[in-house]
Amino acid sequence: MSAIELVSSVKSFEGEQRIYKHASAVLGCEMHFSIYLPAASLAGQDCPLMYWLSGLTCTEKNFIEKSGFQRYASEHGLIVVGPDTSPRGEGVADDEGYDLGQGAGFYVNATEGEWAKHFKMYDYVVKELPGVINGNFGVNGHVGICGHSMGGHGALTIALKNPGMFKSVSAMSPIVAPTQVPWGEKALGAYLGDDREAWEAHDAVCLVKGAEERLHLLIDQGTADDFLEEQLRPELLTAACEAAGHSYELRLREGYDHGYYYVASFIGEHIAYHAGVLGGG
C-alpha cells in the first residue's frame, strides 16, 4: 500500500474535507483523491463509506466544490471518497478531445497501444484505492458507490461486476450503454480495441442480463439534459432490467440538465439513500 500525503484540509459541517495524493502502482503516476470525514469519523468511530465517481473532464475537485454534498454526508455520518477520473502527468497518454485520455478514463483497464501503460482505472477503483482507504481510515465495511455521467457508468458497471463489494449503488445521468453511444464507442474502441464483446464487460445494459447479485439500481436523470437522447439513453437500461427482472428505479427530473446545478439539487437524496442502506445516521 502506497503512503498518502495530505494536500489540503478544510472544516465543513463539523467534519473535514481533505485531498490526498499518493504514488499509484496500478496507474504508474501520482494520483489525487478527495475524502470527506464526518465528525464521527474524526472522533474515531468507524463509519460507512460511499465512493463517488465523477464524469468527463472532472478531477477529484469538481464534486467536492460544486455539489454541496458535505452537508448531507455530515448529517448521515457518511465518509465520501472521490478519485480523479484518470491517470495524469508527464508521460501519460492524452488526446485532443475532452472525451478521451486524461480526464476520461472511463473506469476500464485499457489493453491497447499507448493507453495500456497507465489507463487502468478499473483496477485503481476496485483494488488499489479501497486498499488505501481501508488502510488509513476507519471504515466499517458497509460500502456504496455513486457517480455522474461517465462516473455513473463506472458506478453501475463496477457494482454489477463485483458482487459482495457494495451494498448500494446509484447513478446520476449515467452512460448506461457505452457500446451503443458515441462517447462509449470512441473510448472503448480506443482503450479496448475492436472486439466489441470485450466492450460488453463494461456496459451496464449488458451486465444486468447475467448479474450474480441483484443490487437495486437507483438512476437519476434530468429531462432537459442535452446528452439524454444520443449519449445516455436510460430507457435501454430500464428495458434490460425489466427483461432480467432486476430491481431498479428511474427518477426523471423535469427541466434539469446535465450539470452540477442538477447534481447539487438531488445529491442529498442519493446520500440519504446510501445512508439508509449502509446504516448511516
Looking at every non-hydrogen atom in both residues, tell me the closest pair between [X] and [Y] and how far apart they are.
{"X": "Ser86", "Y": "Ala104", "value": "CB-N, 4.0 Å"}
{"X": "Pro130", "Y": "Lys127", "value": "CD-O, 3.5 Å"}
{"X": "Ala244", "Y": "Lys209", "value": "CB-CA, 4.3 Å"}
{"X": "Ala73", "Y": "Val80", "value": "CB-CG2, 4.0 Å"}

Taking [Y]'s backbone N and O only, do any of them form a donor-acceptor pair with [X]'s side chain (distance below 3.5 Å, no angle check)?
{"X": "Ser149", "Y": "Gly151", "answer": "no"}
{"X": "Asp203", "Y": "Cys206", "answer": "yes"}
{"X": "Ser67", "Y": "Ile64", "answer": "no"}
{"X": "Lys161", "Y": "Ala201", "answer": "yes"}
{"X": "Thr85", "Y": "Cys58", "answer": "yes"}
{"X": "Gln17", "Y": "Ser9", "answer": "no"}
{"X": "Lys21", "Y": "Leu6", "answer": "no"}
{"X": "Thr223", "Y": "Gly255", "answer": "yes"}

Would you compute the distance between atom [atom1] of [X] and atom [atom2] of [Y] and round it to the nearest 0.5 angstrom?
{"X": "Thr157", "Y": "Glu200", "atom1": "OG1", "atom2": "CD", "value": "13.5 Å"}
{"X": "Arg71", "Y": "Ser12", "atom1": "CZ", "atom2": "OG", "value": "9.0 Å"}
{"X": "Lys186", "Y": "Tyr191", "atom1": "NZ", "atom2": "OH", "value": "9.0 Å"}
{"X": "Trp199", "Y": "Leu188", "atom1": "CH2", "atom2": "CG", "value": "6.0 Å"}
{"X": "Asp94", "Y": "Leu100", "atom1": "CG", "atom2": "CG", "value": "8.0 Å"}
{"X": "Lys167", "Y": "Leu278", "atom1": "NZ", "atom2": "CG", "value": "8.0 Å"}

Taking the six-membered ring for Trp and the full ring for Phe, Tyr or His, determine whether the centres of Trp183 and Phe106 are under 6.0 Å apart.
-> no

[Y] side chain reached by [X] side chain, heavy atoms, under 4.5 Å:
{"X": "Tyr72", "Y": "His274", "result": "no"}
{"X": "Val181", "Y": "Glu230", "result": "no"}
{"X": "Ile219", "Y": "Pro174", "result": "yes"}
{"X": "Ile271", "Y": "Met50", "result": "yes"}
{"X": "Leu42", "Y": "Glu16", "result": "yes"}
{"X": "Asp225", "Y": "Tyr256", "result": "no"}
{"X": "Glu30", "Y": "Arg88", "result": "no"}
{"X": "His22", "Y": "Val132", "result": "yes"}

Starting from the C-alpha separation in whole Å, work towards a yes-or-no answer on ring pair (Phe, Tyr, Trp, His ring centres under 6.0 Å) for Trp52 and Phe69.
-> CA-CA 11 Å; Trp52 168 270; Phe69 83 93; 8.1 Å; no

Salt bridge or not between [X] and [Y]? Use side-chain N to carboxylate O under 4.0 Å.
{"X": "Glu269", "Y": "Arg253", "answer": "yes"}
{"X": "Glu185", "Y": "Arg196", "answer": "yes"}
{"X": "Lys11", "Y": "Glu14", "answer": "yes"}

How far apart are the C-alpha atoms of Tyr124 and Phe33, what are their side-chain angles, what is the distance that settles it, and do they pass the ring pair (Phe, Tyr, Trp, His ring centres under 6.0 Å) test?
-> CA-CA 11 Å; Tyr124 181 71; Phe33 66 87; 8.1 Å; no

Check against ring pair (Phe, Tyr, Trp, His ring centres under 6.0 Å), His258 and His148 = CA-CA 9 Å; His258 195 72; His148 172 234; 4.8 Å; yes

More than 12 heavy atoms of other groups within 6.0 Å of [X] [atom1]:
{"X": "Asn140", "atom1": "CG", "value": "yes"}
{"X": "Lys117", "atom1": "NZ", "value": "no"}
{"X": "Lys61", "atom1": "NZ", "value": "no"}

Between [X] and [Y]: side-chain donor-acceptor atoms closer than 3.5 Å:
{"X": "Tyr20", "Y": "Asn136", "answer": "no"}
{"X": "His32", "Y": "Thr59", "answer": "no"}
{"X": "Ser24", "Y": "Glu128", "answer": "yes"}

Go through Phe63 and Ile267 one step at a time and tell me if the side chain to side chain contact (heavy atoms under 4.5 Å, CB included) criterion holds.
-> CA-CA 10 Å; Phe63 177 64; Ile267 191 61; 4.0 Å; yes

On the 0 to 90° scale, with breaks at 30° and 60°, tag the His153-Tyr107 ring pair as parallel, tilted or perpendicular.
-> tilted

Would you mind telling me which of Leu215, Leu156, Leu53, Asn162 makes a side chain to side chain contact (heavy atoms under 4.5 Å, CB included) with Ile145?
-> Leu53

Does Lys66 count as lying over the ring of Tyr261, i.e. NZ or CZ under 6.0 Å from the six-ring centre, within 45 degrees of the axis?
-> no

